[in-house]
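First up is the structure itself, then whatever we jot down about it.
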Amino acid sequence: MLRLWLSLLSGISTFLPVLAVHAYAPVLADAHSFANPSVFRVQHLDIDIAVDFVRQQLHGDVELHIQRITQTSSLAHTLILDTRDLQVHKVDRLDNNRWTPTIFSLGEAHPILGTPLSIPVLPNTQKVRIRYETSPDATGLQWLQPEQTAGKQHPFLYSQAQAIHARSFLPLQDSPQVRVTYKATIRTPSTVRAVMSANNTPAAPRNGIYTFAMPQPIPSYLIALAVGDLHFKAMGSRTGVYAELPYLEAATKEFEDTEKMLEVTETIFGPYAWDRYDILILPPSFPFGGMENPRLSFITPTIIAKDKSLVSLIAHELAHSWSGNLVTNASWNDLWLNEGFTTYLTYRIMELVYGKERWAMERVLGQQSLMSNRKSLAPSALSLVLKLDGHDPDDAFNEVPYEQGALFLFDLERQLGRPIFDNFLHQYFKHYRFKSLSSAEFFVYVQDTLGKKYPAKIDLQRVKKWLYSHQLPSDLPLVRSEAFTRIDATRNQFINQAISSEQLITITASWTVHEWLHFLNNMPAQLNLSHLKTLDQYFHLSETTNNEIAHSWLLLAIRHQFSPAFSRLKSYLLTIGRRKLIKPLYQELMGYPEGKKMAQEIYLEARPGYHYITQRTLDAIVRPAHK
Ligand code: BES
Ligand code: ZN
C-alpha cells in the first residue's frame, strides 16, 4: 500500500518549489525514531482523549499541526510518525482548510522502535487528525487498581514517556529533536482528577473533563498524564504538591524547601522558564525516583522519609527544568547532556540550600556508586557519549551519564574557576534555550566560547577524552567528607570489635541518613553474622523507615544470608517498584541457590504490580520464573 500511494503522489512532488531557507538547525540522525522531521515538523498537538479504566485504554483523537521543512526530498509527500501497539481507526487531513479522510499505513513492528505510521500529505496539508486507541499493554502507561493506590478507593493511571514510550500512547514524532506545544482535553470518570505536564488548575471542578495547555515547546518524552484521586496543596507561591490524600500533608512538609531550591537555581543559572513547579506523588510502583515532566515532576513516594534526607531527588528533577527540558539531548546517545548537567546542578543546589557538609557527603556517595557501577558495565557503556543504535535506550540508565557527567563538569569548574564556569553555564542555557544539541555540538560550543576566551585555562583534548574515552583521567576532581572519615574509623572499630555495642549506640546517635549509608555501603566482604545481628538488634535496620537505608541494609543481609531481614526484604520487593532500589536486591539474590529460589518466588508475586520498565529489566535477571 505504501508503495502504491508513493507512486501516485510522486508525480505531484516534481512540481513543488524548493524551500531554500528555514529556521531550523539541520536534523541529526536519531536511531530511535522512524519519523522524518527533516522533511516535516510537527509543531503542535491538539489532544482529545478519554481514559477508560475498565478496558485500560486511552482512546480519542490527536491533531498534529505540521510544518513542511523541505520539498526536495523524495519523501516530501509522506509524514512518518512513531507508534507502538496503537490501533489507528482513521486519519483525516486538513488541506487548504478542508478536512478529508485519507489512507494510511502501519509498517512492520520493530521490537525496540515500534511501528511507523505513514500518512500521505499534500503540499498544502496543514494538519492531520488521527483517531486511535492504546493497548492495555502500552509500555508508557501503568494502570493501577484501587488496591494498588494509597487511598484504595479509586484507580490510578500515569504515563512515563522517557525515553521512547510516548509513541505507545500518542502517535507522534518521538524524537528529542522535535519540540511541540500542546493543548489537551482529557475525559475521565468524574471521581478522579487528571493532571499533565502543562498548566494544571487545582481549582478546576472535578467533573471528568479537564483541559490543559502547554504553551512552551517540549520534546515528546516530556508529555505526561496522570489520573487518580489527586488533591493539591501549595508549598510556596510557585510550588505545590498533587497527591492522594494519605501522602499530601507528609509530602508538602518533606518538600517544603522546593521554593527555595527554585530561587537559588534561578540566581545562578537564569530565570525559570516554566511558570509553576509542582510535584506529583505517584504510587510506589513508579519505576523511577523521579521524572522531570515540565511544570509537574512525577515523584516516587519512597523518598518521603520524614527528615528531608532524600530531597536531593527533588533538586534533581527541578534542575532538569534547565538541563534537559530547556536544553535537551539531541538523541539518547547524548543522555549525559541531560543527566550529567542535572547531577552537577543538583549538587550545586544542595550546597546552597543544605550546606557544604551535606554537599560533600552526597558527592562522596555519588562517586562511590559511580566507581562500583563502572566495574559491572561493558566497556561501551563507560564513556559519556554512547552508541545506542540497535539498543533500547532504557538500557543506558546507569551511573555513567549521571555521576561521570557531573564529574566532568566539576573538572571543567576546577579548570576555569567557579565564576567563569557559572557564567558559561548561564550563557549555555540561554544560547540553547528550547533547543536540542548533540555532544559533538556541545564540544564545538565549548571550543568557540571557553576555548577562545580562556585558551590557557582549558584543555580541549582533555574535554574530548571526557566525552569519548572509556577511561577516566587519573586526576579526578574527587571530594572527601570529613564526617565520612570518622564513619570509616567507627566501622573499623565495629568490625574489629574494638568498641562495645553501647559505645556504638552513643556514636551513632547523631548520624544522618548519609552517614548510615556510608557506614553500610562500605562494609567489607567478610562480615560475621554476629555483626549483622548486633546492627539489627540495636538499630532495628530491618524496620528502618528510610528506603535508601533499607536498600543498603537488605543488600548486606542478602550477601550474608541474614535471614531475620528476609520478611522485610519480601515486603520491600512487593511494595516498591523503583528499579534502582530493587534491581540490585534481585541481582544479589540470584547469586546463590536459596536466594535464587526466593527471588523467583517473590518475583512471581510482585511482577504484576511492577511497571513495564521494571518488569523488562527484572525479566532478564530473574528468568524464567514468571513464565
Ligand atoms: N529523567 C530521569 C529518569 C529517566 C532517565 C527515565 C532515562 C528514562 C530514561 C530522571 O530525572 C532521573 O534521573 N531520575 C533518577 C533520579 C536520581 C538520579 C536523583 C531516578 O529515578 O533514580
Ligand atoms: Zn534525571
Side-chain angles (χ1 to χ4, degrees), residues 32 112 139-140 142 158-166 168 174 176 197 218-224 255 261 277 279-282 284-294 296-303 305 309-329 331-350 362-363 365-367 369-370 373 381 386 388 391-406 514 517 547-548 551 576-584 611-614 616-617:
H32 295 107
I112 297 169
T139 58
Q142 190 177 20
Y158 70 87
S159 67
Q160 165 59 42
Q162 197 184 7
I164 54 169
H165 299 285
S168 76
D174 198 6
S197 54
I218 58 168
S220 54
Y221 76 91
L222 294 175
I223 297 174
F255 307 134
M261 290 178 174
Y277 180 77
I279 286 169
L280 169 68
I281 305 297
L282 289 173
S285 66
F286 185 50
F288 294 101
M291 178 63 213
E292 66 271 27
N293 297 316
L296 185 66
S297 286
F298 283 23
I299 300 292
T300 174
T302 62
I303 60 158
S309 55
L310 307 178
V311 298
S312 66
L313 193 137
I314 302 295
H316 178 102
E317 304 314 334
L318 170 71
H320 270 305
S321 307
W322 285 261
S323 43
N325 300 3
L326 203 53
V327 178
T328 307
N329 52 214
S331 81
W332 302 114
N333 291 335
D334 309 301
L335 180 67
W336 82 273
L337 284 171
N338 280 13
E339 300 300 343
F341 271 78
T342 296
T343 304
Y344 173 84
L345 260 59
T346 305
Y347 287 127
R348 297 291 305 277
I349 297 169
M350 293 306 287
E362 296 203 348
R363 280 213 53 198
L365 289 171
Q367 288 163 189
S369 21
L370 172 64
N373 193 198
L386 302 169
L388 294 173
H391 297 273
D392 190 326
D394 282 347
D395 298 339
F397 191 81
N398 60 52
E399 297 289 346
V400 170
Y402 289 76
E403 293 293 340
Q404 192 165 312
H514 301 95
L517 290 174
N547 288 307
E548 291 278 353
H551 174 256
I576 298 178
R578 184 177 169 195
R579 189 171 58 163
K580 201 171 164 182
L581 288 182
I582 62 175
K583 177 184 165 195
H611 183 281
Y612 166 80
I613 289 178
T614 300
R616 185 178 158 275
T617 302

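For ligands, and for the atoms within them, numbers begin at 1 and follow the listed sequence. Keep in mind the model is a prediction, meaning the values are calculated, not measured. Computation of the quantities below employed the complete heavy-atom set of this structure, encompassing side-chain atoms and omitting hydrogens, waters and symmetry-equivalent molecules.
Considering only heavy atoms from C-beta on, Ile303 comes within 4.5 Å of Phe255 through its side chain. Between Val400 and Leu370, the closest side-chain pair of non-hydrogen atoms falls below 4.5 Å.
In terms of modelled atom types and a separation under 3.5 Å, the side chain of His165 and the main chain of Tyr221 share no donor-acceptor contact. Under the 3.5 Å distance criterion, the side-chain polar atoms of Asn293 are left unmatched by any main-chain donor or acceptor of Ser197. Glu317 places no side-chain N or O within donor-acceptor distance of the main-chain N or O of Ala319, the cut-off being under 3.5 Å. Distance alone, capped at 3.5 Å, is enough to place a donor-acceptor pair between the Thr342 side chain and the Ser323 backbone.
Metal site remark for the Zn ion (ligand 2): Glu339 contributes an N, O or S atom at a distance under 2.8 Å.
Those atoms of ligand 1 that come under 4.0 Å of a heavy atom in Gly290, given as number and element, are 3 (C), 10 (C), 11 (O), 12 (C), 14 (N), 21 (O). Counting the atoms of ligand 1 from 1 in the order shown, those under 4.0 Å from a heavy atom of Glu292 are 1 (N), 2 (C), 10 (C), 11 (O).
Within the structure, the closest approach of Arg579 to ligand 1 does not fall below 4.0 Å when heavy atoms are considered.
Here Phe298 and Tyr158 keep their ring centres 6.0 angstrom or further from each other.
Looking only at protein heavy atoms, the nearest one to atom 4 (C) of ligand 1 is Gln162 OE1, 3.2 Å. Ranking protein heavy atoms by distance to atom 16 (C) of ligand 1, first place goes to Glu317 OE2, 3.6 Å. Among protein heavy atoms, atom 22 (O) of ligand 1 sits closest to Arg578 NH2, 3.4 Å. Of all protein heavy atoms, the one closest to atom 2 (C) of ligand 1 is Glu339 OE2, 3.2 Å. Here the protein heavy atom with the shortest distance to atom 18 (C) of ligand 1 is Tyr402 CE2, 3.6 Å.
Annotation: Met291 places no N or O atom under 3.5 Å from an N or O atom of ligand 1; distance criterion only. Backbone and side-chain nitrogen or oxygen atoms of Gly289 are examined, and one is located within less than 3.5 angstrom of a nitrogen or oxygen of ligand 1. The N/O atoms of His316, backbone and side chain alike, include one that comes under 3.5 Å of an N/O atom in ligand 1.
Considering Ile576, Ile582, Leu581 in turn, Leu581 is the only one that fulfils the side chain to side chain contact (heavy atoms under 4.5 Å, CB included) rule with His551. Among the candidates Tyr344, Tyr402, Phe341, the single residue satisfying the ring pair (Phe, Tyr, Trp, His ring centres under 6.0 Å) test with Trp336 is Phe341.
The Zn ion (ligand 2) lies closest to atom NE2 when only the N/O/S atoms of His320 are considered.
Closest heavy-atom approach to atom 8 (C) of ligand 1 among the candidates Phe397, Phe288, Tyr221: Phe288.
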Next item on the list: List the steps, then state whether side-chain hydrogen bond (donor to acceptor under 3.5 Å, both in side chains) holds for Arg579 with Thr617.
Entry: CA-CA 8 Å; Arg579 189 171 58 163; Thr617 302; 2.9 Å; yes

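In Lys580, the part holding a heavy atom less than 4.0 Å from any atom of ligand 1 is the side chain.
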